[in-house]
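Below is one structure, written out as structure tokens; the observations come after it.
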Amino acid sequence: MFITFEGIDGSGKTTQIVKLSERLIAQNYDVLSLREPGGNAISEKIRETLLDAGNDIAPRAELLLFVAARAQLVEKVIRPALLAGKLVICDRFIDSSVAYQGFGRGIPMNEVQECNKIATGNLVPDITFFLDLPPSVAAGRAAGRSDEKTDRMESSGESFFERARHGYLKIADNEPKRFIRLEARENPEIIHEKIWTYVSDLIKKRN
Ligand code: Z5A
């Protein structure tokens with residue numbers, strides 16, 4: 001089973017992935033947690049390039065770097081893990097490119113979708129949790145982590161994140177069965193229980 005998490009920076013994906021994977025592991029599921037861009041040596045190198053605030057990267061080059069990192073992760077890590085029967089959880093996947101490079105940067109959607117298809121060989125998550133948070137609230141959370149330097153993507157400005165959020169809401173409208181919108185301002189435990197209900201239902205259906 002393949003589960004992904006989406007949402008703008010600081011929406012609580014990491015928090016929820018930790019809770020979900022710990023609960024699944026406690027029930028003896030074989031869980032692999034990954035992040036995008038990253039999850040293997042090559043994709044982590046691409047991540048460094050993409051997030052380095054000193055790099056001036058053109059929008060299409062940015063898209064191609066994100067999908068190159070994705071192609072490596074799918075081929076070398078995700079597909080083998082799924083074939084081995086693992087439950088794979090990934091922090092971001094195809095929908096991030098649609099939201100950020102498509103809606104955020106304005107790259108035509110057919111180009112983004114085509115790049116995603118090439119990178120993944122049409123692998124689509126079984127379920128995706130979209131933690132929906134207004135960018136202004138996310139910015140407040142980021143300010144609470146002021147020890148970290150702002151990376152290249154985080155420097156893109158609030159209107160960019162508004163467009164990305166709008167993109168996510170569009171995906172939620174278009175794919176309501178797979179792409180589940182959750183209110184990210186709720187208590188983390190309440191969000192986790194909602195996610196758990198979806199995941200345990202899906203596991204039951206698969207067995
Ligand atoms: N990107 C792209 O453009 N295209 C692509 O195809 C892909 C990615 C794959 C990767 O960032 C960047 O790449 C990202 C999108 C772009 N750019 N931005 N901006 P990243 O991997 O470095 O980070 P991130 O994924 O954007 O987010 P994050 O920093 O890891 O945050 P998070 O995981 O969503 O949130 P968190 O760490 O769980 O929580 C943030 C804080 O909020 C923390 O202090 C928590 O304690 C707190 N929190 C969590 N939940 C709650 C609730 N429910 N209430 C209150 N406070 C909470």
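Nothing fancy with the numbering, it's 1 onward along the sequence. It should be emphasised that the depicted structure is a prediction, and the values quoted were computed from it without experimental measurement. Whatever order the structure lists them in is the order used to number ligands and atoms, beginning at 1.
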Test item, Phe5 contacting ligand 1 (heavy atom, 4.0 angstrom): no
Contact check, Pro188 vs ligand 1, heavy-atom distance below 4.0 Å: yes
Ligand-side contact atoms (ligand 1) for residue partner Ala184, heavy atom cut-off under 4.0 Å: 52 (C), 53 (N)
Stepwise side-chain hydrogen bond (donor to acceptor under 3.5 Å, both in side chains) check, Ser136 with Glu158: CA-CA 7 Å; Ser136 53; Glu158 199 166 311; 4.8 Å; no
Ligand 1 N/O within reach of Glu186 N/O, cut-off under 3.5 Å: yes
Structural part of Ile191 in contact with ligand 1, heavy atom criterion under 4.0 angstrom: side chain
Mutual orientation of the aromatic rings belonging to Phe5 and Phe129 [parallel < 30°, tilted 30-60°, perpendicular > 60°]: tilted
Arg141 N/O under 3.5 Å from ligand 1 N/O: yes
Atoms in ligand 1 flagged as close to Thr14, the criterion being non-hydrogen separation under 4.0 Å: 30 (O), 32 (P), 33 (O), 37 (O), 38 (O)
Under-4.0 Å heavy-atom contact with ligand 1, by part of Gln16 that carries it: neither
Presence of salt bridge, Glu44 and Arg35, under 4.0 angstrom: yes
Heavy-atom nearest neighbour of atom 11 (O) of ligand 1 within options Met153, Lys19, Arg92, Arg70: Arg92
From Ile171 atom CD1 to Thr128 atom OG1, the distance as rounded to the nearest 0.5 Å: 8.5 Å
Ligand-side contact atoms (ligand 1) for residue partner Lys13, heavy atom cut-off under 4.0 Å: 24 (P), 25 (O), 27 (O), 32 (P), 33 (O), 34 (O), 35 (O), 38 (O)
Ala69 contact mode with ligand 1 (heavy-atom cut-off under 4.0 Å): neither
Per-atom contacts of ligand 1 with Gln101, taking only distances under 4.0 Å to non-hydrogen atoms: 2 (C), 3 (O), 4 (N), 5 (C), 6 (O)
Heavy-atom pair of closest approach, residues Ser96 and Glu6: OG-OE1, 2.6 Å
Tyr100 and Phe160 aromatic ring geometry - parallel, tilted or perpendicular at 30°/60° bounds: tilted
Thr15-ligand 1 polar pair, N/O distance under 3.5 Å: yes
Atom pair CG/SG of Leu63 and Cys115 - distance to nearest 0.5 Å: 4.5 Å
Shortest non-hydrogen contact from Arg92 toward Gly7: NH2-O, 2.9 Å
Set of residues satisfying side-chain contact (heavy atoms from CB on, under 4.5 Å) with respect to Leu169, sequence neighbours excluded: Phe130, Asp132, Arg165, Arg181
Proximal candidate to atom 6 (O) of ligand 1 [heavy atom criterion; set Gly10, Ser97, Gly12, Cys90]: Ser97
For atom 13 (O) of ligand 1, the option (of Phe66, Phe161, Tyr100) bearing the nearest heavy atom: Phe66
Region of Arg47 that comes within reach of ligand 1 [heavy atoms, distance under 4.0 Å]: side chain
Non-hydrogen atoms of Gln72 and Asn40 that approach each other most closely: CG-OD1, 3.2 Å
